[in-house]
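When a ligand or atom number is given, it counts from 1 through the structure's own listing order. The chain is numbered in sequence order, starting from 1.
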Amino acid sequence: MNILIIGAGAREHALAWKMAQSHHCDEIYTAPGNAGTLEFGTNLKIPITNFKIVKDVCLEYNIQMMVVGPEEPLVMGIYDFFRNDPELQHIIVVAPSAEAAQLEGSKAFSKKFMARHHIPTADYAEFTDDLYEEGKKYISQHSLPVVLKADGLAAGKGVVIAASHEEALLAFEAMIVHKQFGDAGSKVVIEEFLQGIEVSVFVLTDGESYQVIGHAKDYKRIGEGDTGLNTGGMGCVSPVPFMDAAFMQKVEEKIIRPTVEGLAKENLDYHGFIFFGLMNVLGEPWLIEYNCRMGDPETEVVMPLLQTDLVALFAAMDNGTLADTNIAFSEQSCATVMAVSGGYPGKYTTGLPIKGLKGAETGDSIIFHAGTQIEASQIKTSGGRIIAVTSFGKNITEAVAKSKKILERISFKGMYYRGDIGYEFRE
Ligand code: AMP
Ligand code: GLY
């Protein structure tokens with residue numbers, strides 16, 4: 001089978017790494033990919049939101065399966081484009097329909113979906129500019145901290161957790177009046193703050209049945225001890241010690257099953273991943289958000305721990321046999337530590353040579369590339385997040401230590417990584 005992976009990060013490198021192990025896999029193409037995905041096949045430098053061009057490469061390279069990493073093409077309807085084109089209908093597409101992708105593309109849509117299916121989530125209200133005054137009043141009377149969310153996609157920057165009413169009102173004004181996030185912020189969800197520990201659970205679904213393929217805890221802040229600005233993710237660990245059978249049962253009963261049953265009841269066409277962003281509040285799972293894709297860097301620990309053939313799983317998702325598949329996981333722990341550009345998530349430079357990559361990988365570790373590219377046979381930085389070093393260990397502490405050891409051998413100007421990934425679970 002020839003496979004096309006859409007995306008350019010460490011998530012896509014990890015998906016390529018995993019699918020390349022399948023005997024169903026012939027050729028892997030990644031669009032646009034990075035220096036890491038090149039190891040498994042061909043990079044196609046195409047604009048991934050131009051579906052006509054994606055179609056052309058699918059026909060040219062006889063693609064039989066397409067896996068979509070990032071949210072933008074999903075929310076723009078890449079799935080529907082493929083389903084509605086007779087020349088593309090034979091391709092297995094791992095993605096939700098545009099309508100279902102609103103679970104990620106619109107916070108208001110997803111909150112209403114959760115309410116319809118009685119899924120535990122923070123209480124909320126939504127406001128548009130014609131309700132600006134009511135919104136201000138609602139905020140002024142809200143308990144603190146209060147959470148504000150731009151309705152649409154805002155590249156992970158659309159959430160503000162305000163400690164004071166003044167801060168919340170300023171954030172509200174910035175979204176509604178000053179259009180800080182453009183149209184994405186023309187509607188704002190205001191919700192209760194949930195106090196707890198976050199964890200993400202990943203499911204593959206065909207819209208009727210599902211399989212849990214893993215979970216992870218990520219570290220979003222730039223600074224050690226979870227301080228400073230939010231990033232795309234600085235590292236991840238799995239399994240998370242509190243995700244025992246009893247907690248997982250609650251997650252399935254209260255959150256996953258009602259979601260998948262809700263998709264079926266509402267005829268939402270979904271053949272892909274659901275990323276459940278959860279909060280463990282005193283032992284009870286609450287749903288913060290859905291994403292309709294895998295997480296990054298979560299994929300960099302979920303894929304290494306998953307022992308089932310991913311290509312076979314996608315085929316089962318497509319032919320209605322997902323419920324009958326067996327999922328197996330490694331018994332080990334896994335951690336990934338992300339090395340980022342100096343200055344990230346603020347301003348940073350790119351094009352810096354990365355030293356020490358060659359031969360740095362060991363049997364227990366994998367280097368997944370994020371923002372890298374090759375220029376004149378030299379691997380250089382090309383983004384904010386540069387490489388994710390994943391390691392196995394008998395526990396999280398050991399896995400993190402192995403990744404850090406490898407990172408000590410790799411360098412580029414300004415390179416930074418958090419040394420405390422998994423700190424709550426130290427043994
Ligand atoms: P989201 O874009 O919905 O994932 O929100 C980004 C991050 O904000 C989440 O990963 C949480 O860390 C935090 N967050 C969002 N909503 C809440 C909430 N209701 N209570 C506490 N933290 C939240
Ligand atoms: N790591 C969070 C995300 O992929 O959205």
Parallel, tilted or perpendicular, as decided by the 30° and 60° cut-offs, for the rings of Phe113 and His117: tilted
Glu126/Lys107 ion pair, N-O < 4.0 Å: no
Side-chain donor-acceptor contact under 3.5 Å, Thr362 with Asp364: no
Phe193 neighbourhood, listing ligand 1 atoms whose heavy-atom distance to it stays under 4.0 Å: 20 (N), 21 (C), 22 (N)
Residues Glu408 and Lys404 bridged, charged N to O under 4.0 Å: no
From OG1 (Thr349) to OH (Tyr344), nearest 0.5 Å: 15.0 Å
Within reach of ligand 1, part of Lys149 (heavy-atom separation under 4.0 Å): side chain
Arg11 N/O to ligand 2 N/O under 3.5 Å: no
Part of Glu300 with heavy atoms under 4.0 Å of ligand 2, whether side chain, backbone, both or neither: neither
Lys/Arg N to Asp/Glu carboxylate O, Glu104 vs Arg293, below 4.0 Å: yes
Lys137/Glu134 salt bridge by N-O under 4.0 Å criterion: no
Ligand-residue contact atoms, ligand 1 with Glu191, heavy atoms, under 4.0 Å: 16 (N), 17 (C), 18 (C), 19 (N)
Gln195 to ligand 1, any heavy atom closer than 4.0 Å: no
Ring center gap for Phe242 and Phe247 short of 6.0 angstrom: yes
Per-atom contacts of ligand 1 with Lys107, taking only distances under 4.0 Å to non-hydrogen atoms: 1 (P), 2 (O), 3 (O)
Proximity to ligand 2 by part of Glu298, non-hydrogen separation under 4.0 Å: side chain
Atoms of ligand 1, numbered as shown, that sit under 4.0 Å from any heavy atom of Met279: 21 (C), 22 (N)
Protein residue, atom and distance nearest to atom 5 (O) of ligand 2, heavy-atom basis: Arg293 NH2, 2.9 Å
Between Asn43 and Thr37, a side-chain donor and acceptor under 3.5 Å: yes
Under 4.0 Å to a heavy atom of Gly295 - the qualifying atoms of ligand 2, by number: 4 (O)
Side chains of Tyr219 and Asp420, donor plus acceptor under 3.5 Å: no
Charged N-O contact under 4.0 Å between Asp269 and Arg83: no
Distance-only side-chain donor-acceptor flag, Tyr348 / Thr381, under 3.5 Å: no
Numbering as shown, the atoms of ligand 1 that approach Lys220 to under 4.0 Å (heavy-atom distance): 10 (O)
Per-residue contact class, Leu194 against ligand 1 - non-hydrogen pairs under 4.0 Å: both
For atom 14 (N) of ligand 1, the option (of Asn291, Ile161, Val281, Leu287) bearing the nearest heavy atom: Ile161
Polar atom proximity, Lys220 to ligand 2 (N or O, under 3.5 Å): no
Residue part near ligand 1, for Asn230, under 4.0 Å between non-hydrogen atoms: neither
Atoms of ligand 2 close to Phe275 [distance to a heavy atom under 4.0 angstrom, numbered from 1]: 3 (C), 4 (O), 5 (O)
Proximity of Tyr290 and Phe275 rings by center, below 6.0 Å: no
Those atoms of ligand 1 less than 4.0 Å from some heavy atom in Glu289: 1 (P), 2 (O), 3 (O), 4 (O)
Geometric N/O contact Val147 with ligand 1, under 3.5 angstrom: no
Test item, Gly232 contacting ligand 2 (heavy atom, 4.0 angstrom): yes
Those atoms of ligand 2 less than 4.0 Å from some heavy atom in Asp218: 1 (N), 2 (C)
